[in-house]
Protein chains: 2
Amino acid sequence: MPEFKDLDPLLHSQLRLAIMSLLIGVESAEFVFIKEQTGATAGNLSVQIDKLSQAGYISVEKSFRGKKPLTTCKITSKGLKAFEDYVRNLQHYIGK
Amino acid sequence: MPEFKDLDPLLHSQLRLAIMSLLIGVESAEFVFIKEQTGATAGNLSVQIDKLSQAGYISVEKSFRGKKPLTTCKITSKGLKAFEDYVRNLQHYIGK
DNA sequence: TAAAGTAGTTTATATTATAAACCAAACGCA
DNA sequence: TGCGTTTGGTTTATAATATAAACTACTTTA
């Protein structure tokens with residue numbers, strides 16, 4: 001019984017998935033760190049962080065470190081649940 | 001070490017992934033069967049089968065059953081390898 | 001004070017996915 | 001025998017996405 005459940009389109013995106021994947025392992029992560037880890041361009045990252053934030057999957061805090069802007073991201077419980085659902089559904093596609 | 005390898009964009013698509021997933025388990029599958037299993041519209045399925053075929057991930061045979069056209073799909077070894085790579089890379093994203 | 005760097009955001013474009021419209025043949029049946 | 005319906009698709013138009021390029025604002029360095 002294959003049964004291909006829909007994959008949350010918000011998570012079925014390489015970059016957004018990587019962002020979520022990163023955030024799952026940590027308390028919070030900074031924009032620049034995420035940028036480095038994912039290899040994304042700043043522009044793309046900015047857009048995708050915004051989408052995840054709009055969806056309530058992550059929370060974003062803008063502050064300053066010294067004089068420079070600092071964007072910090074954190075996964076929300078809604079985001080965590082969405083990620084877990086996504087992974088569960090995905091298993092049906094990739095066997096196992 | 002996260003290390004987010006690129007996910008083959010040809011496979012990182014819900015419908016194409018479902019098609020490949022289906023084909024992995026069987027010798028071959030007919031258009032109508034794939035359509036039923038995936039819930040895709042015929043048009044969308046036609047397009048996506050074409051893309052997978054163009055990429056050499058599946059082979060497509062057009063024949064007739066009785067008087068009706070019959071499209072049969074089969075995964076190729078190239079497709080199998082691509083799928084396996086995709087799954088392996090994906091694991092980095094979804095933990096495990 | 002001018003050039004270069006940091007940390008982003010905005011916007012324009014290219015790519016994708018998807019549905020809607022279409023086509024040809026076959027079938028059902030009055 | 002014609003006329004509508006179904007089957008098995010393909011083609012094409014549109015909507016959604018991803019991405020890079022251009023830009024902004026401020027800071028640091030020389």
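These values consider heavy atoms only, across backbone and side chains, with no hydrogens, waters or symmetry-generated copies. In this text the structure is predicted, and so the values were computed from the model without any measurement.
- Residues A:Leu22 and A:Phe33 form a side-chain contact, since some pair of their non-hydrogen atoms from C-beta on lies under 4.5 Å apart.
- Side-chain atoms of B:Thr41 lie closest to C:dA19 of the nucleotides C:dT9, D:dT19, C:dA19.
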Decide side-chain contact (heavy atoms from CB on, under 4.5 Å) for A:Val60 and A:Lys62; before the verdict, give the C-alpha distance in whole Å, the side-chain angles of both, and the deciding distance to 0.1 Å.
CA-CA 7 Å; A:Val60 178; A:Lys62 274 143 205 299; 3.9 Å; yes
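- In terms of phosphate contacts, B:Arg16 brings no side-chain nitrogen or oxygen within less than 4.0 Å of OP1 or OP2 of C:dT16.
- Closest approach to the B:Pro69 side chain among C:dT18, C:dG8, D:dG8 is made by D:dG8 (side chain taken as heavy atoms from C-beta onward).
- Ring geometry for B:Tyr86 against B:His12 counts as tilted: the plane angle lies between 30° and 60°, on a 0 to 90° scale.
- Residue B:Arg65 is classed as having no contact, given no heavy-atom separation below 4.0 Å to the nucleic acid.
- Nucleic acid contact for A:Val32: sugar-phosphate only, since backbone atoms but no base atoms lie under 4.0 Å from a heavy atom of the residue.
- If you check every strand for non-hydrogen atoms under 4.0 Å, A:Lys35 touches nothing.
- In the hydrophobic clustering of this structure, A:Leu10 groups with A:Leu23; members are Ile, Leu, Val, Met, Phe, Trp, Tyr whose side-chain heavy atoms approach within less than 4.5 Å, directly or through other members.
- With distances taken from any side-chain atom of B:Ser46 to the nucleotides C:dT10, D:dT10, D:dT19, the minimum falls on D:dT10.
- Distance alone, capped at 3.5 Å, places no donor-acceptor pair between the B:Ser28 side chain and the B:Thr72 backbone.
- The side chain of B:Lys51 lies closest to C:dT16, out of C:dT16, C:dT9, C:dT10.
- By the ring-ring contact (aromatic ring centres under 6.0 Å, His included) test, A:Phe31 pairs with no residue at all, sequence neighbours left out.
- Contact annotation for B:Leu70: backbone-only contact, meaning every heavy-atom pair under 4.0 Å involves sugar-phosphate atoms and none involves a base.
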Find every protein N or O atom lying less than 3.5 Å from an N or O atom of nucleotides 22-28 of chain C, and list the pairs.
none

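- The closest donor-acceptor contact from the side chain of B:Tyr93 to the backbone of B:Lys5 lies under 3.5 Å.
- Using a 4.0 Å cut-off, some side-chain N or O of B:Thr71 falls inside it from OP1 or OP2 of D:dG9.
- In terms of phosphate contacts, A:Ser13 brings a side-chain nitrogen or oxygen within less than 4.0 Å of OP1 or OP2 of D:dA18.
- Here A:Gln14 lies out of heavy-atom contact (under 4.0 Å) with every strand.
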